[in-house]
**Q** 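First the structure, then my questions, so here it is.
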Amino acid sequence: MTFGQVLLVAVVAVPALGALATAVVPGDRAGRVVGTVAAAVTLLSALPLVGGDHGWFGYGPRPAVQPWHQLDLPWVPGLDLRFHLGVDGISWPLVVLTALLTLLCCAYTLWRVPPGGGSGRALVALLLVVEVGILGTFLALDLVLFFLFFEVVLLPMYAIIAGWGGADRRRAARKFALYTLFGSVLLLVGVYVVVAAAGTADLVALTGGAGLSRGTQLAAFTLLAIAFAVKSPLWPLHSWLPDAHTQAPTVGSVILAGVLLKMGTYGLIRIAVGVAPEGARWAAPVLGVLAVAAILIGGLVCLAQDDLKRLIAYSSVGHMGFVLLGVATLTATGIQAALIGNIAHGVITGLLFFLAGAVKDRAHTGSLAELSGLRETAPRLAGLLGFAAVASLGLPGLAGFWGEAFAVVAAVQRGGPLWLTLAGLAALGGALTAAYFLRLLRRVTHGRPSPAVAGLAPGLAGAELTAWAPLVLLALAVGLAPALVLSYASGPVEALLGVVP
(Lines give C-alpha, C1' and ligand atoms only; values in the text may rest on other atoms or scores of the structure.)
Protein backbone atom coordinates (compact mmCIF):
# COMPACT_ATOMS: atom_id res chain seq x y z
CA MET A 1 0.00 0.00 0.00
CA THR A 2 1.16 3.52 -0.73
CA PHE A 3 1.42 6.14 2.00
CA GLY A 4 -1.73 7.83 0.70
CA GLN A 5 -3.69 4.57 0.87
CA VAL A 6 -2.52 4.02 4.44
CA LEU A 7 -3.75 7.50 5.32
CA LEU A 8 -7.15 6.85 3.71
CA VAL A 9 -7.59 3.71 5.80
CA ALA A 10 -6.38 5.51 8.93
CA VAL A 11 -8.84 8.39 8.49
CA VAL A 12 -11.76 5.94 8.66
CA ALA A 13 -10.29 3.25 10.93
CA VAL A 14 -8.75 5.40 13.68
CA PRO A 15 -12.02 7.02 14.86
CA ALA A 16 -13.77 3.64 14.65
CA LEU A 17 -11.11 1.99 16.82
CA GLY A 18 -11.05 5.08 19.03
CA ALA A 19 -14.79 4.79 19.63
CA LEU A 20 -14.37 1.15 20.64
CA ALA A 21 -11.43 1.94 22.93
CA THR A 22 -13.28 4.88 24.48
CA ALA A 23 -16.25 2.67 25.29
CA VAL A 24 -14.24 -0.12 26.94
CA VAL A 25 -11.38 1.67 28.74
CA PRO A 26 -11.93 1.86 32.52
CA GLY A 27 -12.77 5.29 33.89
CA ASP A 28 -14.88 8.06 32.41
CA ARG A 29 -12.18 10.70 32.09
CA ALA A 30 -9.66 8.18 30.77
CA GLY A 31 -12.17 7.24 28.06
CA ARG A 32 -12.62 10.87 27.06
CA VAL A 33 -8.85 11.30 26.84
CA VAL A 34 -8.52 8.21 24.64
CA GLY A 35 -11.29 9.49 22.36
CA THR A 36 -9.67 12.90 22.09
CA VAL A 37 -6.32 11.32 21.19
CA ALA A 38 -8.04 9.24 18.49
CA ALA A 39 -9.66 12.39 17.07
CA ALA A 40 -6.27 14.13 17.05
CA VAL A 41 -4.65 11.21 15.18
CA THR A 42 -7.50 11.31 12.64
CA LEU A 43 -6.84 15.00 11.97
CA LEU A 44 -3.11 14.36 11.61
CA SER A 45 -3.92 11.57 9.13
CA ALA A 46 -6.27 13.79 7.10
CA LEU A 47 -3.94 16.76 6.65
CA PRO A 48 -1.24 14.99 4.52
CA LEU A 49 -3.86 13.71 2.08
CA VAL A 50 -3.61 17.01 0.18
CA GLY A 51 -2.12 16.97 -3.30
CA GLY A 52 -0.99 13.47 -3.99
CA ASP A 53 0.36 12.28 -7.31
CA HIS A 54 -2.08 14.23 -9.46
CA GLY A 55 -1.60 17.62 -7.79
CA TRP A 56 -3.76 20.56 -8.80
CA PHE A 57 -3.33 20.21 -12.54
CA GLY A 58 -3.93 16.51 -13.18
CA TYR A 59 -7.56 16.96 -14.24
CA GLY A 60 -8.81 16.57 -17.75
CA PRO A 61 -12.23 16.23 -19.31
CA ARG A 62 -12.22 12.42 -18.80
CA PRO A 63 -12.59 10.97 -16.27
CA ALA A 64 -14.29 13.66 -14.24
CA VAL A 65 -13.05 12.24 -10.93
CA GLN A 66 -9.29 11.75 -10.55
CA PRO A 67 -8.48 11.28 -6.86
CA TRP A 68 -5.20 12.40 -5.37
CA HIS A 69 -5.14 9.12 -3.43
CA GLN A 70 -7.47 6.14 -3.74
CA LEU A 71 -7.89 2.65 -2.34
CA ASP A 72 -9.88 0.21 -4.46
CA LEU A 73 -10.34 -3.30 -3.04
CA PRO A 74 -12.90 -6.08 -3.70
CA TRP A 75 -15.71 -5.89 -1.18
CA VAL A 76 -18.65 -8.01 -2.37
CA PRO A 77 -17.33 -9.67 -5.57
CA GLY A 78 -20.62 -11.42 -6.31
CA LEU A 79 -22.39 -8.06 -6.62
CA ASP A 80 -19.38 -6.27 -8.15
CA LEU A 81 -19.16 -3.93 -5.14
CA ARG A 82 -15.80 -2.51 -4.13
CA PHE A 83 -14.37 -0.82 -1.05
CA HIS A 84 -13.34 2.24 -3.01
CA LEU A 85 -12.12 5.31 -1.12
CA GLY A 86 -10.56 8.42 -2.62
CA VAL A 87 -9.93 12.08 -1.95
CA ASP A 88 -9.65 15.12 -4.21
CA GLY A 89 -9.95 18.89 -4.00
CA ILE A 90 -13.72 18.78 -3.52
CA SER A 91 -13.69 16.37 -0.59
CA TRP A 92 -10.38 17.12 1.16
CA PRO A 93 -11.38 20.47 2.76
CA LEU A 94 -14.53 18.83 4.14
CA VAL A 95 -12.52 15.87 5.47
CA VAL A 96 -10.17 18.22 7.33
CA LEU A 97 -13.08 20.32 8.64
CA THR A 98 -14.81 17.19 9.95
CA ALA A 99 -11.67 15.95 11.68
CA LEU A 100 -10.98 19.37 13.20
CA LEU A 101 -14.48 19.96 14.57
CA THR A 102 -14.64 16.44 16.01
CA LEU A 103 -11.31 16.97 17.75
CA LEU A 104 -12.48 20.30 19.20
CA CYS A 105 -15.73 18.74 20.42
CA CYS A 106 -13.96 15.77 22.02
CA ALA A 107 -11.45 18.09 23.68
CA TYR A 108 -14.30 20.29 24.91
CA THR A 109 -15.80 17.31 26.76
CA LEU A 110 -12.59 17.05 28.82
CA TRP A 111 -13.67 20.33 30.40
CA ARG A 112 -17.46 20.07 30.40
CA VAL A 113 -19.77 17.08 29.89
CA PRO A 114 -23.40 18.09 29.25
CA PRO A 115 -25.83 16.82 31.87
CA GLY A 116 -28.28 14.07 31.03
CA GLY A 117 -27.58 10.94 29.08
CA GLY A 118 -24.77 9.34 30.99
CA SER A 119 -21.01 9.19 30.99
CA GLY A 120 -18.84 11.57 29.07
CA ARG A 121 -16.95 8.72 27.43
CA ALA A 122 -20.20 7.43 25.89
CA LEU A 123 -20.74 10.86 24.35
CA VAL A 124 -17.19 10.92 22.96
CA ALA A 125 -17.58 7.41 21.55
CA LEU A 126 -20.76 8.47 19.77
CA LEU A 127 -19.04 11.57 18.38
CA LEU A 128 -16.31 9.35 16.93
CA VAL A 129 -18.87 7.01 15.33
CA VAL A 130 -20.55 10.05 13.75
CA GLU A 131 -17.12 11.09 12.49
CA VAL A 132 -16.63 7.69 10.85
CA GLY A 133 -19.90 8.07 8.96
CA ILE A 134 -19.23 11.63 7.82
CA LEU A 135 -15.62 10.98 6.76
CA GLY A 136 -16.64 7.81 4.94
CA THR A 137 -19.34 9.73 3.09
CA PHE A 138 -16.80 12.29 1.86
CA LEU A 139 -14.27 9.62 0.86
CA ALA A 140 -16.49 6.92 -0.68
CA LEU A 141 -16.16 6.43 -4.44
CA ASP A 142 -18.60 3.51 -4.59
CA LEU A 143 -22.27 4.49 -4.58
CA VAL A 144 -23.39 1.65 -2.30
CA LEU A 145 -20.49 2.32 0.08
CA PHE A 146 -21.48 6.00 0.05
CA PHE A 147 -25.02 5.04 1.07
CA LEU A 148 -23.82 2.85 3.94
CA PHE A 149 -21.53 5.54 5.36
CA PHE A 150 -24.32 8.09 4.90
CA GLU A 151 -26.57 5.95 7.12
CA VAL A 152 -23.97 5.31 9.85
CA VAL A 153 -24.55 8.84 11.15
CA LEU A 154 -28.25 8.44 11.96
CA LEU A 155 -28.33 6.36 15.14
CA PRO A 156 -25.38 7.91 17.02
CA MET A 157 -26.61 11.45 16.30
CA TYR A 158 -30.08 10.42 17.47
CA ALA A 159 -28.51 9.10 20.68
CA ILE A 160 -26.51 12.31 21.21
CA ILE A 161 -29.62 14.49 20.92
CA ALA A 162 -31.87 12.16 22.93
CA GLY A 163 -29.28 11.43 25.60
CA TRP A 164 -27.60 14.77 26.33
CA GLY A 165 -30.03 17.33 24.90
CA GLY A 166 -32.50 19.76 26.46
CA ALA A 167 -35.88 19.24 28.07
CA ASP A 168 -37.64 18.39 24.79
CA ARG A 169 -34.76 16.34 23.43
CA ARG A 170 -36.59 13.08 22.73
CA ARG A 171 -39.20 14.70 20.50
CA ALA A 172 -36.48 16.58 18.61
CA ALA A 173 -34.44 13.36 18.22
CA ARG A 174 -37.45 11.46 16.89
CA LYS A 175 -38.17 14.22 14.40
CA PHE A 176 -34.56 14.17 13.24
CA ALA A 177 -34.67 10.39 12.84
CA LEU A 178 -37.97 10.33 10.95
CA TYR A 179 -36.96 13.02 8.48
CA THR A 180 -33.56 11.40 7.93
CA LEU A 181 -35.14 7.98 7.40
CA PHE A 182 -37.46 9.50 4.79
CA GLY A 183 -34.43 10.89 2.98
CA SER A 184 -32.63 7.56 3.33
CA VAL A 185 -35.44 5.66 1.61
CA LEU A 186 -35.33 8.04 -1.34
CA LEU A 187 -31.53 7.82 -1.45
CA LEU A 188 -31.67 4.02 -1.47
CA VAL A 189 -34.18 4.01 -4.33
CA GLY A 190 -32.06 6.53 -6.25
CA VAL A 191 -28.94 4.41 -5.75
CA TYR A 192 -30.82 1.33 -6.97
CA VAL A 193 -32.08 3.15 -10.07
CA VAL A 194 -28.56 4.25 -11.00
CA VAL A 195 -26.76 0.98 -10.23
CA ALA A 196 -29.40 -1.17 -11.92
CA ALA A 197 -29.36 0.95 -15.08
CA ALA A 198 -25.58 1.47 -15.29
CA GLY A 199 -24.47 -1.97 -14.08
CA THR A 200 -21.84 -0.45 -11.78
CA ALA A 201 -21.68 1.44 -8.49
CA ASP A 202 -18.27 2.98 -9.18
CA LEU A 203 -18.53 6.78 -8.93
CA VAL A 204 -15.50 7.37 -11.13
CA ALA A 205 -17.23 5.50 -13.97
CA LEU A 206 -20.69 6.91 -13.19
CA THR A 207 -19.71 10.58 -13.16
CA GLY A 208 -20.97 12.13 -16.37
CA GLY A 209 -24.00 9.87 -16.70
CA ALA A 210 -22.24 6.61 -17.73
CA GLY A 211 -24.59 6.18 -20.68
CA LEU A 212 -27.73 6.50 -18.56
CA SER A 213 -30.81 7.48 -20.55
CA ARG A 214 -32.33 10.93 -20.09
CA GLY A 215 -35.39 9.46 -18.34
CA THR A 216 -33.21 7.50 -15.92
CA GLN A 217 -31.17 10.60 -15.14
CA LEU A 218 -34.27 12.70 -14.49
CA ALA A 219 -35.71 10.08 -12.14
CA ALA A 220 -32.40 9.51 -10.38
CA PHE A 221 -31.70 13.21 -9.93
CA THR A 222 -35.17 13.84 -8.49
CA LEU A 223 -34.79 11.05 -5.93
CA LEU A 224 -31.22 11.95 -5.00
CA ALA A 225 -31.84 15.69 -4.81
CA ILE A 226 -34.79 15.30 -2.44
CA ALA A 227 -32.81 12.87 -0.28
CA PHE A 228 -29.89 15.28 0.00
CA ALA A 229 -32.25 18.22 0.54
CA VAL A 230 -33.54 16.53 3.71
CA LYS A 231 -30.03 16.16 5.12
CA SER A 232 -28.80 19.65 4.17
CA PRO A 233 -31.59 20.67 5.03
CA LEU A 234 -33.13 22.77 2.30
CA TRP A 235 -36.50 24.47 2.38
CA PRO A 236 -39.23 23.15 2.66
CA LEU A 237 -37.70 19.97 4.20
CA HIS A 238 -35.92 21.87 6.98
CA SER A 239 -38.35 21.74 9.88
CA TRP A 240 -36.38 19.10 11.82
CA LEU A 241 -33.33 21.37 12.01
CA PRO A 242 -34.38 24.09 14.53
CA ASP A 243 -35.68 21.55 17.03
CA ALA A 244 -32.60 19.35 16.72
CA HIS A 245 -30.23 22.31 17.12
CA THR A 246 -32.13 23.85 19.99
CA GLN A 247 -32.30 20.61 21.99
CA ALA A 248 -28.89 19.12 21.13
CA PRO A 249 -25.96 19.61 23.52
CA THR A 250 -23.34 22.14 22.45
CA VAL A 251 -20.98 19.57 20.91
CA GLY A 252 -23.91 17.94 19.11
CA SER A 253 -25.01 21.27 17.62
CA VAL A 254 -21.44 22.01 16.48
CA ILE A 255 -21.11 18.68 14.64
CA LEU A 256 -24.66 18.88 13.30
CA ALA A 257 -24.26 22.36 11.84
CA GLY A 258 -20.55 22.23 11.10
CA VAL A 259 -20.28 19.07 9.02
CA LEU A 260 -23.34 16.82 9.14
CA LEU A 261 -25.38 19.25 7.02
CA LYS A 262 -22.53 19.27 4.48
CA MET A 263 -23.18 15.61 3.71
CA GLY A 264 -26.29 16.74 1.85
CA THR A 265 -24.71 19.53 -0.16
CA TYR A 266 -21.62 17.42 -0.92
CA GLY A 267 -23.88 14.60 -2.09
CA LEU A 268 -25.80 17.02 -4.28
CA ILE A 269 -22.59 18.09 -6.04
CA ARG A 270 -20.69 14.78 -6.15
CA ILE A 271 -23.57 12.33 -6.62
CA ALA A 272 -26.71 14.07 -7.94
CA VAL A 273 -25.02 16.48 -10.35
CA GLY A 274 -22.12 14.15 -11.16
CA VAL A 275 -24.12 10.98 -11.84
CA ALA A 276 -27.22 12.59 -13.41
CA PRO A 277 -25.98 15.75 -15.16
CA GLU A 278 -28.93 15.91 -17.57
CA GLY A 279 -31.28 15.76 -14.60
CA ALA A 280 -29.31 18.57 -12.94
CA ARG A 281 -29.60 20.77 -16.02
CA TRP A 282 -33.32 20.03 -16.25
CA ALA A 283 -33.98 20.80 -12.57
CA ALA A 284 -31.64 23.81 -12.24
CA PRO A 285 -34.37 26.51 -12.43
CA VAL A 286 -36.44 24.74 -9.78
CA LEU A 287 -33.40 24.39 -7.52
CA GLY A 288 -32.65 28.10 -7.98
CA VAL A 289 -36.18 29.11 -6.98
CA LEU A 290 -36.12 26.83 -3.91
CA ALA A 291 -32.70 28.18 -2.94
CA VAL A 292 -33.88 31.79 -2.98
CA ALA A 293 -37.05 30.83 -1.11
CA ALA A 294 -34.84 29.29 1.60
CA ILE A 295 -32.71 32.44 1.77
CA LEU A 296 -35.69 34.78 2.14
CA ILE A 297 -37.81 32.59 4.41
CA GLY A 298 -34.83 31.75 6.62
CA GLY A 299 -34.01 35.45 6.98
CA LEU A 300 -37.59 36.46 7.80
CA VAL A 301 -37.99 33.66 10.35
CA CYS A 302 -34.70 34.65 12.00
CA LEU A 303 -35.99 38.21 12.42
CA ALA A 304 -38.87 36.80 14.48
CA GLN A 305 -36.83 34.46 16.70
CA ASP A 306 -36.38 35.13 20.41
CA ASP A 307 -34.11 32.16 21.25
CA LEU A 308 -30.37 32.33 20.60
CA LYS A 309 -29.77 28.75 19.45
CA ARG A 310 -32.98 28.66 17.43
CA LEU A 311 -31.99 31.83 15.58
CA ILE A 312 -28.59 30.37 14.70
CA ALA A 313 -30.29 27.15 13.59
CA TYR A 314 -32.65 28.97 11.23
CA SER A 315 -29.74 31.00 9.87
CA SER A 316 -28.36 27.71 8.53
CA VAL A 317 -31.43 27.39 6.31
CA GLY A 318 -30.55 30.69 4.64
CA HIS A 319 -26.84 29.92 4.37
CA MET A 320 -27.54 26.53 2.81
CA GLY A 321 -29.86 28.35 0.40
CA PHE A 322 -26.85 30.30 -0.90
CA VAL A 323 -24.96 27.01 -1.30
CA LEU A 324 -27.86 25.52 -3.28
CA LEU A 325 -28.11 28.65 -5.44
CA GLY A 326 -24.44 28.27 -6.37
CA VAL A 327 -24.95 24.60 -7.27
CA ALA A 328 -28.11 25.38 -9.26
CA THR A 329 -26.27 27.75 -11.58
CA LEU A 330 -24.10 24.84 -12.80
CA THR A 331 -21.23 27.26 -13.41
CA ALA A 332 -17.66 27.08 -12.16
CA THR A 333 -18.18 30.25 -10.13
CA GLY A 334 -21.35 28.84 -8.57
CA ILE A 335 -19.93 25.44 -7.64
CA GLN A 336 -16.82 27.09 -6.19
CA ALA A 337 -19.08 29.46 -4.21
CA ALA A 338 -20.99 26.45 -2.89
CA LEU A 339 -17.80 24.68 -1.83
CA ILE A 340 -16.30 27.65 0.01
CA GLY A 341 -19.74 28.44 1.44
CA ASN A 342 -19.82 24.92 2.90
CA ILE A 343 -16.47 25.40 4.61
CA ALA A 344 -17.26 28.93 5.83
CA HIS A 345 -20.61 27.85 7.25
CA GLY A 346 -19.02 24.91 9.05
CA VAL A 347 -16.36 27.08 10.65
CA ILE A 348 -18.52 30.08 11.56
CA THR A 349 -21.68 28.27 12.63
CA GLY A 350 -19.62 25.79 14.64
CA LEU A 351 -18.12 28.79 16.46
CA LEU A 352 -21.57 30.37 16.91
CA PHE A 353 -22.94 27.23 18.54
CA PHE A 354 -19.93 26.96 20.85
CA LEU A 355 -20.56 30.58 21.91
CA ALA A 356 -24.31 30.10 22.23
CA GLY A 357 -23.69 27.09 24.46
CA ALA A 358 -21.29 29.13 26.61
CA VAL A 359 -23.85 31.92 26.99
CA LYS A 360 -26.61 29.49 27.88
CA ASP A 361 -24.42 27.59 30.37
CA ARG A 362 -23.55 30.83 32.16
CA ALA A 363 -26.90 32.63 32.04
CA HIS A 364 -29.09 29.49 32.19
CA THR A 365 -31.33 30.87 29.45
CA GLY A 366 -31.25 31.29 25.69
CA SER A 367 -33.98 33.93 25.49
CA LEU A 368 -32.79 37.09 23.73
CA ALA A 369 -35.02 39.18 25.99
CA GLU A 370 -33.14 37.92 29.07
CA LEU A 371 -29.59 38.29 27.75
CA SER A 372 -29.09 42.03 27.34
CA GLY A 373 -25.89 43.79 28.38
CA LEU A 374 -23.46 40.91 27.82
CA ARG A 375 -20.63 43.26 26.86
CA GLU A 376 -20.81 44.97 30.26
CA THR A 377 -20.28 41.82 32.32
CA ALA A 378 -18.56 39.38 29.91
CA PRO A 379 -16.85 41.57 27.27
CA ARG A 380 -14.59 38.80 25.92
CA LEU A 381 -17.53 36.49 25.28
CA ALA A 382 -19.52 39.37 23.78
CA GLY A 383 -16.61 40.29 21.52
CA LEU A 384 -16.26 36.76 20.18
CA LEU A 385 -20.02 36.57 19.62
CA GLY A 386 -19.84 39.84 17.69
CA PHE A 387 -16.95 38.52 15.58
CA ALA A 388 -18.83 35.30 14.74
CA ALA A 389 -22.02 37.21 13.91
CA VAL A 390 -20.37 39.64 11.49
CA ALA A 391 -18.47 36.73 9.91
CA SER A 392 -21.75 34.90 9.39
CA LEU A 393 -23.52 37.91 7.89
CA GLY A 394 -20.85 38.08 5.18
CA LEU A 395 -18.53 40.91 6.14
CA PRO A 396 -15.78 41.21 3.47
CA GLY A 397 -12.48 39.88 4.74
CA LEU A 398 -14.11 37.05 6.71
CA ALA A 399 -15.00 33.58 5.50
CA GLY A 400 -18.74 34.09 5.15
CA PHE A 401 -18.37 36.70 2.40
CA TRP A 402 -17.10 34.61 -0.48
CA GLY A 403 -19.75 31.91 -0.74
CA GLU A 404 -22.73 34.23 -0.53
CA ALA A 405 -21.35 37.01 -2.72
CA PHE A 406 -20.23 34.72 -5.51
CA ALA A 407 -23.41 32.64 -5.46
CA VAL A 408 -25.14 35.89 -6.43
CA VAL A 409 -22.42 36.65 -8.99
CA ALA A 410 -22.88 33.17 -10.51
CA ALA A 411 -26.62 33.75 -10.89
CA VAL A 412 -25.90 37.04 -12.66
CA GLN A 413 -23.38 35.31 -14.93
CA ARG A 414 -25.97 32.65 -15.78
CA GLY A 415 -28.11 35.47 -17.19
CA GLY A 416 -31.73 35.61 -18.32
CA PRO A 417 -34.77 37.07 -16.55
CA LEU A 418 -35.16 34.20 -14.08
CA TRP A 419 -31.55 34.09 -12.88
CA LEU A 420 -31.22 37.87 -12.69
CA THR A 421 -34.38 38.00 -10.59
CA LEU A 422 -33.06 35.23 -8.34
CA ALA A 423 -29.76 37.09 -7.97
CA GLY A 424 -31.59 40.25 -6.87
CA LEU A 425 -33.74 38.38 -4.37
CA ALA A 426 -30.71 36.52 -3.00
CA ALA A 427 -28.93 39.84 -2.49
CA LEU A 428 -32.00 41.03 -0.57
CA GLY A 429 -31.69 37.87 1.52
CA GLY A 430 -28.10 38.86 2.29
CA ALA A 431 -29.42 42.15 3.65
CA LEU A 432 -31.88 40.22 5.82
CA THR A 433 -28.96 38.17 7.16
CA ALA A 434 -27.23 41.37 8.24
CA ALA A 435 -30.46 42.63 9.79
CA TYR A 436 -31.12 39.63 12.00
CA PHE A 437 -27.53 39.26 13.18
CA LEU A 438 -27.33 42.96 14.05
CA ARG A 439 -30.64 42.58 15.88
CA LEU A 440 -29.12 39.62 17.75
CA LEU A 441 -26.11 41.68 18.82
CA ARG A 442 -28.25 44.63 19.86
CA ARG A 443 -30.46 42.41 22.00
CA VAL A 444 -27.69 40.32 23.58
CA THR A 445 -24.59 42.49 23.89
CA HIS A 446 -25.95 46.04 24.25
CA GLY A 447 -28.10 47.72 26.85
CA ARG A 448 -28.12 47.36 30.60
CA PRO A 449 -27.27 43.91 31.94
CA SER A 450 -30.33 41.77 32.59
CA PRO A 451 -30.61 39.80 35.86
CA ALA A 452 -29.48 36.63 34.06
CA VAL A 453 -26.35 38.39 32.75
CA ALA A 454 -25.51 40.69 35.66
CA GLY A 455 -23.64 38.06 37.66
CA LEU A 456 -21.50 36.59 34.88
CA ALA A 457 -17.74 36.41 35.33
CA PRO A 458 -15.74 38.31 32.69
CA GLY A 459 -13.16 35.60 32.02
CA LEU A 460 -13.11 32.64 29.70
CA ALA A 461 -11.90 29.14 30.53
CA GLY A 462 -8.72 27.89 28.89
CA ALA A 463 -10.61 24.94 27.41
CA GLU A 464 -13.06 27.32 25.75
CA LEU A 465 -10.29 29.40 24.20
CA THR A 466 -8.58 26.23 22.99
CA ALA A 467 -11.76 25.05 21.28
CA TRP A 468 -12.69 28.42 19.78
CA ALA A 469 -9.32 29.81 18.69
CA PRO A 470 -8.83 27.50 15.64
CA LEU A 471 -12.28 28.47 14.33
CA VAL A 472 -11.59 32.20 14.77
CA LEU A 473 -8.28 31.84 12.94
CA LEU A 474 -9.85 29.80 10.13
CA ALA A 475 -12.64 32.35 9.66
CA LEU A 476 -9.95 35.00 9.22
CA ALA A 477 -7.65 32.86 7.06
CA VAL A 478 -10.35 31.71 4.62
CA GLY A 479 -11.76 35.23 4.46
CA LEU A 480 -8.40 36.79 3.64
CA ALA A 481 -7.08 33.94 1.47
CA PRO A 482 -10.00 32.04 -0.13
CA ALA A 483 -7.46 30.21 -2.30
CA LEU A 484 -6.89 27.98 0.74
CA VAL A 485 -10.11 26.26 -0.36
CA LEU A 486 -10.66 27.30 -3.96
CA SER A 487 -7.24 26.43 -5.39
CA TYR A 488 -7.68 22.76 -4.52
CA ALA A 489 -11.18 22.57 -5.98
CA SER A 490 -10.74 24.46 -9.25
CA GLY A 491 -9.52 21.47 -11.26
CA PRO A 492 -12.14 18.98 -10.02
CA VAL A 493 -14.94 21.54 -10.55
CA GLU A 494 -13.88 22.20 -14.15
CA ALA A 495 -13.70 18.47 -14.80
CA LEU A 496 -17.15 17.93 -13.25
CA LEU A 497 -18.74 20.71 -15.29
CA GLY A 498 -17.07 19.30 -18.40
CA VAL A 499 -19.48 16.36 -18.26
CA VAL A 500 -22.61 18.43 -17.58
CA PRO A 501 -24.46 18.88 -20.90
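Predicted model only: the values in this text are computed from it and were never measured.
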**Q** So, do Y436 and Y314 have ring centers that fall under 6.0 Å from each other?
**A**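 No - the distance between ring centres of Y436 and Y314 does not fall below the 6.0 Å cut-off.
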
**Q** Test your reading of the model: is there a side-chain donor-acceptor pair from S91 to the backbone of D88, 3.5 Å cut-off?
**A**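 Yes, because the side chain of S91 sits within donor-acceptor range (under 3.5 Å) of the backbone of D88.
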
**Q** Look up atom CG in D72 and atom CZ in F83, then write down how far apart they are to the nearest 0.5 Å.
**A**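 Reported value, rounded in 0.5 Å steps: 10.5 Å.
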
**Q** With side chain to side chain contact (heavy atoms under 4.5 Å, CB included) as the test, pick out the partner of V87 among L141, L94, L49.
**A** L49

**Q** Please identify which of these residues, L155, I161, L154, meets the side chain to side chain contact (heavy atoms under 4.5 Å, CB included) condition with M157.
**A**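 When L155, I161, L154 are each tested with M157, the side chain to side chain contact (heavy atoms under 4.5 Å, CB included) holds only for I161.
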
**Q** So W468 and F354, would you call those rings parallel, tilted or perpendicular, with 30° and 60° as cut-offs?
**A** tilted

**Q** I need the L471 CG to F387 CZ distance, nearest 0.5 Å.
**A**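 These two atoms lie 10.0 Å from each other.
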
**Q** Compare every heavy atom of L241 with every heavy atom of A313, then report the nearest pair and how far apart it is.
**A**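 Taking A313 first and L241 second, the nearest heavy atoms are O-CD2, 3.5 Å.
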
**Q** For the backbone of H245 and the side chain of S253, can you confirm whether one donor and one acceptor N or O come within less than 3.5 Å of each other?
**A**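 Here the side-chain-to-backbone pair exists.
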
**Q** List the atom of H345, the atom of S316, and the distance in Å for their closest heavy-atom pair.
**A** NE2-OG, 3.0 Å

**Q** Less than 6.0 Å separating the ring centroids of F138 and Y266?
**A**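 For F138 and Y266, the ring centres are under 6.0 Å apart.
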
**Q** Please check if the side chain of K262 supplies one atom and the backbone of L339 the other of a donor-acceptor pair under 3.5 Å.
**A**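 Such a contact is absent between K262 side chain and L339 backbone.
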
**Q** Is a donor on one side and an acceptor on the other found under 3.5 Å between the side chain of E278 and the backbone of Q217?
**A**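 Here the side-chain-to-backbone pair does not exist.
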
**Q** Using the side chain to side chain contact (heavy atoms under 4.5 Å, CB included) definition, which of the options T98, I255, L103 pairs with E131?
**A** T98

**Q** On a heavy-atom basis, which atom in A411 and which in A423 lie closest, and how many Å separate them?
**A**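 Looking at all heavy atoms of both residues, the shortest contact is CB-CB, 3.8 Å.
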
**Q** Answer yes or no: is there a donor N or O on one side and an acceptor on the other, between the side chain of E151 and the main chain of S184, under 3.5 Å?
**A** no

**Q** Got a second to check how far I348's CD1 is from L351's CG, nearest 0.5 Å?
**A** 8.5 Å

**Q** Side chains of T333 and Q413: is there a donor and an acceptor less than 3.5 Å apart?
**A** yes

**Q** At what distance, to the nearest 0.5 angstrom, does CD1 of I295 lie from CE of M320?
**A** 10.5 Å

**Q** State whether the side chain of S392 and the backbone N or O of A388 hold a donor-acceptor pair below 3.5 Å, judged by distance alone.
**A** no

**Q** Spell out, as yes or no, whether a donor-acceptor pair under 3.5 Å connects the side chain of W402 to the backbone of G479.
**A**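 At least one qualifying donor-acceptor pair exists.
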
**Q** Any chance the side chains of T216 and S213 put a donor and an acceptor closer than 3.5 Å?
**A** yes

**Q** Of the non-hydrogen atoms in L128 and C106, which two are nearest, and what is the gap between them?
**A** CD2-SG, 4.3 Å

**Q** On a heavy-atom basis, which atom in F401 and which in G394 lie closest, and how many Å separate them?
**A**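 So the two residues come closest at CD1-O, 3.5 Å.
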
**Q** Any Lys/Arg nitrogen of R310 or D243 sitting under 4.0 Å from an Asp/Glu carboxylate oxygen of the other?
**A** yes

**Q** About how many Å separate CH2 of W75 and CZ of R82, when rounded to the nearest 0.5 Å?
**A**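 Taking CZ in R82 and CH2 in W75, the distance rounds to 12.0 Å.
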
**Q** Output yes when a side-chain donor or acceptor of R414 lies under 3.5 Å from a complementary backbone atom of W419, and no otherwise.
**A**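 No: the side chain of R414 does not pair with the backbone of W419.
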
**Q** I need the minimum non-hydrogen distance between G252 and I160, along with the two atoms involved.
**A**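 Closest approach of G252 to I160: CA-CG2, 4.1 Å.
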
**Q** Nearest 0.5 Å, what's the CD1-CG distance between I335 and L330?
**A** 6.0 Å

**Q** Taking the ring of F221 and the ring of W282, is the distance between their centroids below 6.0 Å?
**A** no

